[in-house]
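Naming convention: chains lettered A, B, ... in sequence-line order (proteins, then strands); numbering from 1 in each chain.
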Protein chains: 2
Amino acid sequence: MNITLRQLSYLIALAEERHFGRAAARVHVTQPALSTQIRELEDRLGTALIDRTDRAIRLTPAGQDVLDGARRIMGEVERIENRTRWQQGLSGRLKLGIIPTVAPYLLPVALPRLRMRDVTLDLRLFEAKTERVLDALGDGELDAAVVAIPAGVPGLVEQPLFRDRFLLAASRGSVARLNARGERPVPSNLNPNALLLLDEGHCLADQALDVCGTRREATRVDLRASSLPTLCGMVAAGFGQTLLPEISLAKECAAVPEMDVMPFADPEPHRVIGLVRRDLGGTDAWFTELGDILAAASEQLLGHDAAA
Amino acid sequence: MNITLRQLSYLIALAEERHFGRAAARVHVTQPALSTQIRELEDRLGTALIDRTDRAIRLTPAGQDVLDGARRIMGEVERIENRTRWQQGLSGRLKLGIIPTVAPYLLPVALPRLRMRDVTLDLRLFEAKTERVLDALGDGELDAAVVAIPAGVPGLVEQPLFRDRFLLAASRGSVARLNARGERPVPSNLNPNALLLLDEGHCLADQALDVCGTRREATRVDLRASSLPTLCGMVAAGFGQTLLPEISLAKECAAVPEMDVMPFADPEPHRVIGLVRRDLGGTDAWFTELGDILAAASEQLLGHDAAA
DNA sequence: TGATGTTCATAACCCCAGATTATCAAAACT
DNA sequence: AGTTTTGATAATCTGGGGTTATGAACATCA
């Protein structure tokens, strides 16, 4: 058998985690798989690379030497991938992550625009909560992702796409009553107990809690929706009120007529949706190109220029 | 799927052969296997690497770029293998090629000596004619080989092991008759028609023809042995005479008592057996160590110091 | 111009490398 | 001693990558 990139990448993971189990998790395999690959690398090279005498994993001198080479090799591999993959702009396969509170609204508008730009583009979408999207991005499973920025993860490049205002959503009656008073509501004055939120892990829920100055414990924990349409349904049924991102309005208001929205008082709370990618130092023409298309889509969707 | 070293090595072969079939042969796979790997590399990178429009294979600019990276990577891989594999001297797995006119005589003496030196050594032997041995060596399938030197192949390092004299072998009667004359035979005076040789491809046959100043066509082409024991049997049965390497004498003379040998007149014809390896610029302690053991074995076998 | 040969791509099938789950053994805590 | 943690080993299954057979495109030649 021959030495493989797989073995080298496992070695790197092991050297950095100093633990077989964690290293295995990092490269998304089970611990025995990693163990055997390391062992095979060792007898291929005829040398022990890992010092197993001690409890703590440590590299032998030879192991350190191989590790250095492995790092150079994997770096060169990554360089190859990045130089070639995108040098001809936005084409080929593109794996894009996107959060659930944006995807169903932005994509129907953005996808036709992408298709218009390049019919050969093979787009693979990955819809998941922010954390999983960013993990996948960090692992190189995704080429880029649409999330709320700043993501607060080092090593990522962020490009703002649009400013997404939050609006108060409630039943028609409640909104009419508020309107009658003639003043626009203030987020921090909302009754936490009547505030409906998305399930845990959705950044929108965190952002809503943030702008309201509330903690999750103060809210109705028995009523958490796993998607915005569900949440809107609950709001319309009079279970409470919530914050809706502007990007969802057209679709949700049409789908749930018993719900109404109204803007908050200035300064209006909002989130910024951006396109992020790993910082690889390569050309980023494709990245800005993709960003432009998505921004244009949001502009069409929001009916105005919401450049963040 | 991920990019692999296999794909990169296939790309290098293809770039150098400029031909799918030949490149496939070079890496010891069939043409479809190489084709699919190249294709997979291409769609992994999202770019055409090979310009197939023309009849002649050519790399696209991207292909050239990837090729450069691939070369760096494979170089680094090889460096890793050579640095680690032998840094602790002669141990671990050792793949050794050896020609058939040396193997059965040298090995029985050399193997115990190797084992004595290091019981952990996992020795894999490959017995084949010179050409195949050198091919395997060049491919990196072998770590070293025992052949007649100079091998005439660039990029190989040669270390002489011993001087192997050729002696005239014939039936007891013939040898007795020659001895009676009181003079030692001269190779170029042998009757080509009575000269028995090994099958084609054995370097010993070429060397015998060389020292006799004869061409193969002049010999009895209907009597070619595929091994020295067979050849000795033919000689003993009175079919003709041949040249035997000194290293084979003890064994063959004992096995075939009806055969006898006598030395040639000075300057005695001979071949030099050497240990060869690829020139990799790494440490060669293991190489000289192995050479020393083999030379000592030959010394024991030939009963004298035959340092070449 | 049709026949033939060369060359790369594709299809169908097969096998082993490498994954998984389950389990063990040894060391490090209670 | 009992429990937990961690890496190694065993048994098993699957997909990547191999092979052979065949197709399609193009060049070459009678």
Original post:
Counting just side-chain N and O atoms, does A/R6 come under 4.0 Å of either OP1 or OP2 of C/dA17?
Top reply: no

Original post:
Does A/R39 have a side-chain nitrogen or oxygen under 4.0 Å from the phosphate oxygens OP1 or OP2 of D/dG7?
Top reply: no

Quick one: which of [options] gets closest to the side chain of [X]?
| X | options | value |
| --- | --- | --- |
| A/S35 | D/dG17, C/dA9, D/dA8 | D/dA8 |
| A/P32 | D/dG17, C/dT21, C/dA19 | C/dT21 |
| B/T30 | D/dG18, D/dT20, D/dT9 | D/dT20 |
| A/V29 | C/dT20, D/dG17, C/dA11 | C/dT20 |

[X] [atom1] - [N] [atom2] separation (whole Å):
| X | N | atom1 | atom2 | answer |
| --- | --- | --- | --- | --- |
| B/I38 | C/dC8 | CD1 | P | 12 Å |
| A/Y10 | D/dG7 | OH | C1' | 17 Å |
| B/N2 | D/dG17 | CG | P | 10 Å |
| A/H28 | C/dG18 | NE2 | P | 19 Å |
| A/L49 | D/dG7 | CG | C1' | 16 Å |
| A/Q31 | D/dT5 | CD | P | 15 Å |
| B/L34 | D/dG18 | CG | C1' | 12 Å |
| B/I3 | D/dG17 | CD1 | P | 12 Å |

Original post:
So, the side chain of A/H202 versus the backbone of A/A205: is there a donor-acceptor pair under 3.5 Å, distance only?
Top reply: no

Subject >> Side chain B/T36, main chain B/P32, donor-acceptor under 3.5 Å >> reply: yes

Original post:
For atom CD of A/E131, is the number of surrounding heavy atoms from other residues, nucleotides or ligands below 6.0 Å larger than 12?
Top reply: no

Original post:
Just wondering, more than 12 heavy atoms not from B/R39 lying within 6.0 Å of its CZ?
Top reply: no

Subject >> Under 3.5 Å side-chain donor-acceptor pair for B/Q31 and B/S35 >> reply: yes

**OP:** Taking salt bridge (Lys or Arg N to Asp or Glu O under 4.0 Å) as the test, write out the residues that go with B/E78, two or more places apart.
**Re:** B/R278

Original post:
Once you round to the nearest 0.5 Å, how far does CD of A/Q159 lie from CD1 of A/I149?
Top reply: 9.0 Å

Subject >> DNA chain C contacts made by residues 11-26 of chain A, counting heavy atoms under 4.0 Å >> reply: none

